[in-house]
Asks: 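Take a look at this one; I'll ask things after.
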Amino acid sequence: MSVITVERKVLAKNDVIANENRSAFKRNKNFVINLLSSPGSGKTSLVEKTIEVCKNKLKIAVIEGDVQTDLDAQRIDKLGVPVAQIVTNGGCHLEANLVKDALNSLNTNDVDFLVIENVGNLVCPAGYDLGEDFKVVVLSVTEGDDKPLKYPAMFRNASVLVINKIDLLPYLKCSIDELKKNALSINPSLKIFETSCTTGKGVDSWCSWIQSNLQSK
Amino acid sequence: MHELGIAQNIIEIVQDQTKNYSNRKIKNVFVKVGKLTNVLNDSLVFGYDALIMGTNLEGSKLSIETVPAKIRCESCGSESVIDGLTFCCDQCKSTSVKLVNGMELTVFEIEIEDLSEVT
Ligand SMILES: Nc1nc2c(ncn2[C@@H]2O[C@H](COP(=O)(O)OP(=O)(O)OP(=O)(O)O)[C@@H](O)[C@H]2O)c(=O)[nH]1
Ligand SMILES: [Mg+2]
Ligand SMILES: [Zn+2]
């Protein structure tokens, strides 16, 4: 038998396109986050709140990734913010080429802040670079404080953790301190925010963080 | 679901790398899969076997080497294999560590039949 030595990254194709996206974002001075969580943790709610608080201060655009329907895009559209919907038709994560296609239908020249809401899934999207500046993972307190330990790749690859639905803490056994400790044991450099999209608590400091990143773009 | 896409990527890489050997059978494809990639080996093999039907890779075998997650400590320099739960140095317990292995997803070798075996 003959052996051919290869050493080729399996996702090289995705990485090439992700880097093209990254160059486009840089040219347009877009600050871009890849928003990740399990289904229903409040990604779209957080985007809605962010739009509510920041709409007058910065230009926002949104790319919505879902397995089916454009329901999330409709929610964003109602707020008068440019939005593109990617329907993956069963695909469990977004890939860079899908984002690239979406960028064709979304003018990001004058956009300050672009949110890419990924498919609700704490596993598969972790390994796919889309060209974003940061991966932001949302974890709601109803999911339990052990989740960072169960999904280490996601928490390791993310730069920011938003702990959402803190208004529900009185009804749950979830400990915020334990949750943070677990998250930081996987990734000591995680920046952590605590929010409630229902009461609006904590959304201000999240928005300040976005603002401070725009300035460094 | 996502293993199927990865299998497709692997097949494309193999086809690209073997295009100068088109008369020889592809026997084995060796890939390295890091522990932290969330890839399920069984699903990957299942997807691979399904997708190679009717292609020039039909009959080849996907062999997976799982690479453990390994960190290097930025304080004391020692390396430790981790179970995925604690990014913490075995020696000095520092948490300022760099991941050195565990995220790989690479095709590293392809075995094809020798010229003498070509029928
Ligand atoms: N109590 C409470 N409910 C919330 C909060 N944030 C979101 N929700 C509710 O949680 C549900 C899911 O919120 P979404 O924003 O659709 O979650 P998502 O992560 O975008 O969901 P997918 O895109 O389907 O994965 C909705 O019923 C929201 O009203 C919160 O801070 N507190
Ligand atoms: Mg949503
Ligand atoms: Zn050490």
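Within every chain, numbering begins at 1; the chains are lettered A, B, ... in the order of the sequence lines, protein sequences first and strands thereafter.
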Asks: Specify the closest pair of heavy atoms between A/Pro125 and A/Val119, including all atoms of both residues, with the distance to one decimal.
Replies: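 For A/Pro125 and A/Val119, the tightest heavy-atom pair comes out as CG-O, 4.1 Å.
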Asks: So which of B/Val14, B/Asp114, B/Ile13, B/Val97 has the biggest tally of heavy-atom pairs under 4.5 Å with chain A?
Replies: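 With the most close heavy-atom pairs to chain A, the winner is B/Asp114.
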Asks: Who wins among B/Asn28, B/Asn9, B/Leu105 for the most heavy-atom pairs under 4.5 Å with chain A?
Replies: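 Among the listed options, the one with the most contacts to chain A is B/Leu105.
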Asks: Answer with side chain, backbone, both or neither: which region of B/Thr37 has an atom nearer than 4.5 Å to a non-hydrogen atom of chain A?
Replies: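 B/Thr37 has no heavy atom closer than 4.5 Å to chain A.
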Asks: Quick one: which of B/Ile112, B/Asn38, B/Leu99 has the most heavy-atom pairs under 4.5 Å with chain A, could you say?
Replies: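 Greatest number of close heavy-atom pairs with chain A: B/Ile112.
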Asks: Can you say whether the rings of A/Phe113 and A/Phe31 are parallel (under 30°), tilted (30 to 60°) or perpendicular (over 60°)?
Replies: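 Judged by the thresholds at 30° and 60°, the geometry between A/Phe113 and A/Phe31 is parallel.
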Asks: Ion pair present between B/Asp16 and A/Arg8, side-chain N to carboxylate O less than 4.0 angstrom?
Replies: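 Between A/Arg8 and B/Asp16 there is a salt bridge, with a charged N closer than 4.0 Å to a carboxylate O.
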Asks: Does B/Glu111 pair with B/Lys27 as a salt bridge, N-O distance under 4.0 Å?
Replies: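 No, no charged N to carboxylate O under 4.0 Å.
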Asks: Taking the basic N atoms (NZ, or NE/NH1/NH2) and the acidic carboxylate oxygens, is any pair closer than 4.0 Å for A/Glu194 and A/Lys180?
Replies: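 Salt bridge flag = yes for A/Lys180 with A/Glu194.
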Asks: Indicate yes or no: does A/Asp145 engage A/Lys181 in a salt bridge with an N to O separation below 4.0 Å.
Replies: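 No, A/Asp145 and A/Lys181 are not salt-bridged.
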Asks: Quick one: what part of A/Phe155 sits under 4.5 Å from any heavy atom of chain B, side chain, backbone, both or neither?
Replies: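 Neither part; nothing is under 4.5 Å.
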Asks: Relative to chain B, which segment of A/Asn121 carries a heavy atom at a distance below 4.5 Å: side chain, backbone, both, or neither?
Replies: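 Neither part.
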Asks: Mark yes when over 12 heavy atoms from residues, nucleotides or ligands other than A/Asn104 sit less than 6.0 Å from its CG; otherwise mark no.
Replies: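 More than 12 heavy atoms, drawn from other residues, nucleotides or ligands, come within 6.0 Å of this atom.
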Asks: Using heavy-atom distances under 4.5 Å, tell me whether A/Lys9 contacts chain B through its side chain, its backbone, both, or neither.
Replies: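 Backbone plus side chain of A/Lys9, per the 4.5 Å heavy-atom cut-off to chain B.
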Asks: Which answer fits B/Phe30, side chain, backbone, both or neither, if we ask what part of it has an atom under 4.5 Å from a heavy atom of chain A?
Replies: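 It is neither, since no heavy atom gets under 4.5 Å.
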Asks: Less than 4.5 Å to any heavy atom of chain A: does that hold for the side chain of B/Glu104, its backbone, both, or neither?
Replies: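 Neither part.
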Asks: With a 4.5 Å cut-off on heavy-atom pairs, point out which of A/Gly127, A/Cys124, A/Ala153 contacts chain B the most.
Replies: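 Heavy-atom pairs under 4.5 Å are most numerous for A/Cys124.
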